[in-house]
Structures are given as structure tokens and as C-alpha cells.
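Note that these values count all heavy atoms, side chains included, but never hydrogens, waters or copies made by symmetry.
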2 protein chains.
Amino acid sequence: MAGKLSKINLNDYKPLREVIFNTLREAIIVGELKPGERLMEVQLAEKMGVSRTPVREAIRMLELEGLVNMLPRKGAHVAELSVKDIMDVLEVRASLDGLATALAANRITEEEIKSLKHVQNQFANYVEKENLQGSIKKDVEFHEIIYRSSRNDKLIQIVNNLREQVQRFRVIYLKDYVSPKELIKEHAEIVDAITSKNASSALAAAEKHIRNQENAIIKSLKTLR
Amino acid sequence: MAGKLSKINLNDYKPLREVIFNTLREAIIVGELKPGERLMEVQLAEKMGVSRTPVREAIRMLELEGLVNMLPRKGAHVAELSVKDIMDVLEVRASLDGLATALAANRITEEEIKSLKHVQNQFANYVEKENLQGSIKKDVEFHEIIYRSSRNDKLIQIVNNLREQVQRFRVIYLKDYVSPKELIKEHAEIVDAITSKNASSALAAAEKHIRNQENAIIKSLKTLR
DNA sequence: ACTGCATATATTATATACAAAATACATTCC
DNA sequence: GGAATGTATTTTGTATATAATATATGCAGT
């Protein structure tokens with residue numbers, strides 16, 4: 001009896017620092033905590049009903065992830081994210097998405113191809129229906145399947161971090177972002193390349209996909225002025 | 001007077017957690033702390049003559065950098081580093097070194113080309129003289145110049161982390177590593193491509209360079225058995 | 001009003017204290 | 001002897017206390 005229950009309870013303990021880390025990270029990514037905003041330990045600790053210790057540890061982790069900057073003895077503040085920063089990120093991401101997609105073309109399983117196509121369809125449907133939340137979610141899923149199919153854990157870890165930064169940039173600068181219909185075609189190209197196990201065209205398609213995002217961002221930035 | 005001195009003193013304050021972080025990181029990379037070894041807070045704190053708090057914070061940072069793993073309520077231990085892990089790292093690094101070198105071909109300055117060639121020569125000299133320490137140091141410098149010339153800070157940050165892991169792997173598995181003379185030729189190819197501003201051949205040369213390292217590692221591993 | 005300085009306040013940095021869980025070890029019971 | 005249980009010890013998790021530094025405030029002197 002109770003085998004399932006006790007198993008779950010034993011494994012899902014999370015130290016406070018992790019809870020706080022995730023909470024703060026999420027808050028930074030969705031823009032609830034704005035760039036430059038100070039993170040004061042007592043204030044955060046009180047708001048969350050804990051002591052300063054786990055808050056400090058969470059901040060140390062955010063610092064290494066690049067979401068906050070620290071000045072010794074002056075405290076932490078939410079990292080700024082310049083256009084140059086995000087261009088750097090996208091430059092790297094184009095390359096790594098290319099790599100991931102090429103690897104996926106070589107290593108993906110039949111089941112994964114099936115679910116990739118499934119998510120591809122769901123994405124297209126949401127875009128047609130102009131369901132933004134849904135389409136974003138499916139877009140993320142789509143790329144996650146590809147990353148997982150690369151069978152390269154280090155690559156997955158890095159790309160996740162890059163995506164996080166792009167997401168954050170969008171929230172800060174492009175609050176009204178909508179996924180354009182061209183994405184459907186680009187996804188189709190990627191799927192075709194993967195399905196036909198053509199690594200080099202998979203690489204090209206994925207790179208192009210990111211480059212187009214980059215251009216879209218540049219264009220949006222120009223219209224903002 | 002004392003202008004220089006006071007300036008240095010003012011800027012040079014480092015929180016204990018940073019000192020400890022660097023100390024532990026170095027110890028892990030050079031293999032002084034071995035994979036799987038437990039990191040106990042009181043023990044480390046006593047050895048370093050500080051309290052547990054900064055030690056804990058340093059461990060949190062190492063955790064995010066991937067050098068230690070944690071089990072909640074059981075403590076931290078030095079991360080294992082499997083052959084699969086390092087193959088993943090090298091797969092990513094091949095791609096990113098390619099990117100960095102291609103970008104460098106487009107963005108490098110004349111001064112940087114000069115110092116690149118200078119370091120290239122120093123490296124070759126050390127290899128000829130079979131000065132291992134010197135050649136390793138110059139090899140690192142050589143690649144650092146290229147990374148810097150890419151003008152992409154995010155890329156630099158990621159590649160540094162990847163290099164760190166490769167270095168650690170070498171220490172763990174290949175204690176008797178020597179830089180082979182083929183590296184001289186590979187470096188020359190890279191320099192040629194960069195100097196002639198040929199981004200695509202720079203990319204190819206850098207990727208090949210890493211792939212060769214990968215093969216050398218695989219070969220070394222086989223002879224170890 | 002403005003500067004220079006003293007002092008108060010706020011904030012981080014480090015150390016210590018206490019609580020909770022994991023581990024090791026002994027003891028009991030079969 | 002071996003499993004089960006209880007207890008002591010170790011170790012981590014969290015909270016709090018103290019020290020050191022940075023920032024803000026107020027006031028004298030001009």
C-alpha cells in the first residue's frame with residue numbers, strides 16, 4: 001500500500017532556496033521584476049515569509065545565471081538586457097539551433113517524429129485561430145522535442161538558457177509580440193529536413209528560422225522609436 | 001602619493017564567497033577534488049578558516065556551473081564527468097568554436113591579428129621545445145584572442161565554460177596529455193582563414209580543430225584500457 | 001543656498017545558533 | 001545470526017545575531 005504516495009512525498013522536497021530561485025527567475029523573465037530594480041534581502045525575505053539566508057543563496061544562483069548583477073556590499077539588481085546582448089544571444093542561438101536540428105535529423109526516433117508533427121499541427125491551428133498563449137506554448141514544445149532529439153544534454157542546457165533570455169527580451173521591449181504566420185512555413189521546412197534525415201538542410205532551416213526571428217526583432221525595435 | 005595603492009585596494013575587495021568559489025573551482029578542475037568526493041560545509045569552512053555561510057554560497061554557485069551536484073538534505077559532491085558528457089561538450093564546442101572563428105574573421109582588428117600571430121609562434125616554439133606548461137598556456141591564449149575578436153560576449157562566456165569542462169576531463173582521464181605537433185598546422189590554418197577574412201573556411205578550420213581533439217581523446221581513452 | 005563633516009540609518013557580509021533530516025551504530029527481539 | 005527498532009551523531013537547512021560598509025540625513029559654517 002501507499003507505495004506511490006510515500007515515493008512522491010520523499011522525492012518532491014525542495015529547499016527554500018530553490019523555490020525562491022524559481023520564483024525570482026520567473027518574476028524576472030515575465031518582467032514583474034524590471035531591469036535595474038534592486039533586490040533587497042530583507043524585503044524579499046519578508047515578502048516571502050522566510051529568512052534572509054535562502055534568499056541570499058537564490059540570488060547567488062541568479063547571479064551566475066546572468067539574470068542579476070551584483071556590486072559587492074551594495075547589493076543585487078536585476079540585470080539590464082541591451083539590444084547588443086540579445087543580438088549576441090541570437091547569434092549563438094542560430095548556430096546552436098542549427099546544430100541541435102542537424103543532430104536531431106540523425107538521431108530522432110519515429111515516435112518523436114510523430115509527436116513533432118502533432119505539435120506542429122497544433123501550433124499551426126493556434127496561429128490560425130490567433131490564440132497567442134496557445135501558439136507560444138506549442139512553439140516552445142516544438143523546439144523542445146527537437147532539442148531532446150539531439151541527445152546532447154549540454155546542448156539542451158545551453159539552448160534553454162538562451163531561449164530564456166530571448167523570452168525576457170521580448171517581454172521587456174516587445175510587449176505586443178505576435179507569432180507571425182511565416183513561422184508555420186519555417187517549422188514545416190525544419191520538419192521536412194528532419195524527417196528526411198537531411199542534417200545539413202536541417203541545420204540551414206533552423207539557422208534561417210532564428211535569423212528571421214532576429215530580423216523580426218530588429219524591425220520591431222525600429223518601429224518602436 | 002599612494003594613489004596607485006589606494007586605487008587598487010578600493011577595487012580589489014572580493015567577498016569571501018568569491019574567493020572560496022574560485023578556490024574550489026580550481027581544485028575541482030585540476031583534480032585536487034575528485035569526482036564523487038563529498039563537499040562538507042563545516043570541514044571546508046574550518047580548513048579555510050571561515051564560517052559555513054560563504055562556503056554554502058560558493059557551493060550554490062558551483063552547482064549552477066555544473067561542477068558539483070546536490071542532493072537535498074544530503075549535501076554536495078563533485079560532479080562526475082562521463083565520456084558521454086565530454087562528447088556532448090565537444091560536439092557543442094566544435095560548433096561554437098566554428099562560429100567564434102568565423103565571426104573573428106569578420107571582426108578582428110589588425111592589432112589582434114598581430115598578437116594572434118605572435119602567440120601562434122610562441123606556441124609553436126614551446127611545442128618544439130616540448131615545454132608542456134608553456135604550450136598549454138599559449139594554446140589557451142591563442143584561442144582567447146580569437147574568442148575576444150568575435151565581439152560576442154555571450155559566446156565567450158559559454159565557450160569558456162566548455163573549455164573548463166574539457167580541461168577537467170583531461171585531468172581526470174588523460175593525465176599524461178601532451179600537445180601534438182599537428183596542432184601547429186591546425187593553428188596555422190585557422191590563422192590563415194582569419195587573416196584572409198574568409199569566414200566559412202575559418203569556421204571549417206576551427207570545427208576540424210575541435211573534431212581532431214575529440215578523436216585524439218577517443219583514441220587516448222581506448223589505449224587506457 | 002551650498003559645502004564639509006559628523007552622525008544616524010540601512011544594507012550587505014559573515015558568523016553563530018537552532019531545527020530537521022540523514023546516517024551510523026548499538027540494542028533488542030525473533 | 002539477522003532483521004527491526006531506537007538512539008546518538010553528523011550534516012544540512014533555516015533563522016538570527018553581530019560586524020563592516022554604504023547611503024542618507026542633519027547641521028554648522030560660509
Side-chain angles (χ1 to χ4, degrees), chain A residues 1-3 5-25 28 33-34 36-65 67-79, chain B residues 2 5-25 27-28 33-65 67-79:
Chain A
M1 262 275 118
L5 216 145
S6 63
K7 206 170 192 176
I8 288 176
N9 284 346
L10 286 174
N11 289 4
D12 78 354
Y13 166 81
K14 290 263 159 92
L16 283 180
R17 61 169 177 273
E18 293 223 1
V19 179
I20 297 169
F21 173 72
N22 287 323
T23 306
L24 291 179
R25 181 171 67 178
I28 293 173
L33 291 168
K34 298 199 175 14
E37 193 165 339
R38 282 189 70 187
L39 296 175
M40 276 178 302
E41 297 169 5
V42 277
Q43 178 199 321
L44 291 172
E46 272 172 20
K47 194 173 293 187
M48 302 179 148
V50 299
S51 83
R52 282 174 55 209
T53 310
V55 173
R56 278 178 68 83
E57 294 185 352
I59 290 177
R60 295 297 95 81
M61 293 161 80
L62 290 166
E63 184 192 2
L64 220 73
E65 186 144 326
L67 291 176
V68 318
N69 293 134
M70 297 236 14
L71 294 174
R73 299 218 127 101
K74 295 179 109 187
H77 54 269
V78 179
Chain B
L5 216 145
S6 63
K7 205 170 191 177
I8 288 176
N9 285 346
L10 286 175
N11 290 3
D12 160 43
Y13 167 82
K14 288 263 159 93
L16 282 181
R17 62 168 177 277
E18 293 223 0
V19 179
I20 297 168
F21 173 71
N22 288 323
T23 306
L24 291 179
R25 181 171 68 177
I28 292 174
L33 290 168
K34 299 199 175 17
E37 194 166 337
R38 282 189 70 186
L39 297 175
M40 277 178 301
E41 297 168 3
V42 276
Q43 177 199 322
L44 291 172
E46 273 173 20
K47 194 172 293 186
M48 302 178 148
V50 299
S51 82
R52 280 175 58 210
T53 309
V55 173
R56 281 178 66 84
E57 294 184 350
I59 290 178
R60 295 296 95 81
M61 294 161 80
L62 291 166
E63 185 191 0
L64 220 73
E65 187 145 325
L67 292 177
V68 317
N69 292 134
M70 296 236 16
L71 293 174
R73 298 222 125 100
K74 294 179 109 186
H77 54 269
V78 178

**Message:** Test: side-chain hydrogen bond (donor to acceptor under 3.5 Å, both in side chains). Region: residues 44-53 of chain A. Which pairs qualify, not counting sequence neighbours?
**Reply:** A/Glu41-A/Arg52
**Prompt:** Atom CE of B/Met70 to atom C1' of D/dT11: distance rounded to whole Å?
**Reply:** 11 Å
**Item:** Residues forming a salt bridge (Lys or Arg N to Asp or Glu O under 4.0 Å) with B/Glu37, sequence neighbours excluded
**Value:** none
**Prompt:** Can you check the B/Arg17 CZ to C/dA13 P distance for me, whole Å?
**Reply:** 5 Å
**Asked** Looking at B/Val50 and B/Leu16, what are the two nearest heavy atoms and their distance?
**Response** CG1-CD1, 3.7 Å
**Request:** Under 4.0 Å between any heavy atoms, over every strand shown, what does B/Leu71 touch: base, sugar-phosphate, or nothing? Just pick one.
**Result:** nothing
**Item:** A/Met48 side, atom CE; A/Gln43 side, atom CD - distance, nearest 0.5 Å
**Value:** 10.5 Å
**Message:** Which heavy atom of A/Lys34 sits nearest to which heavy atom of A/Val78, and what is that distance?
**Reply:** O-CB, 3.3 Å
**Message:** Going by side chain to side chain donor-acceptor pair (under 3.5 Å), name the residues that satisfy it together with B/Glu18, two or more places apart in sequence or in a different chain.
**Reply:** none
**Whole angstrom value for the distance that separates C1' of D/dT10 from CE of B/Met40** = 9 Å
**Message:** Rounded to whole Å, please give me the gap between NZ in B/Lys14 and C1' in D/dT21.
**Reply:** 18 Å
**Contacting residues from residues 45-59 of chain A, given that a heavy atom lies under 4.0 angstrom of DNA chain C** = A/Arg52, A/Arg56
**Item:** For B/Phe21 against B/Ala58, the heavy-atom pair lying closest together
**Value:** N-CB, 3.6 Å
Protein and nucleotides 22-24 of chain D: nitrogen or oxygen contacts under 3.5 angstrom:
residue: D/dT23; atom: OP1; partner: A/Lys74; partner atom: NZ; Å: 3.1

**Message:** Applying side chain to side chain donor-acceptor pair (under 3.5 Å), can you list everything that pairs with A/Arg38, at least two apart in sequence or on another chain?
**Reply:** none
**Prompt:** Rounded to whole angstroms, how far apart are CD on A/Glu18 and P on D/dT14?
**Reply:** 10 Å
**Request:** Calculate the interatomic distance between B/Arg60 atom CZ and D/dG13 atom C1'; express it in whole Å.
**Result:** 9 Å
**Asked** To the nearest angstrom, how far is A/Glu41 atom CD from C/dT14 atom P?
**Response** 11 Å
**Prompt:** Ion pair present between A/Glu57 and A/Arg60, side-chain N to carboxylate O less than 4.0 angstrom?
**Reply:** no
**Asked** In whole Å, what is the span from the OH atom of A/Tyr13 to the P atom of C/dA21?
**Response** 8 Å
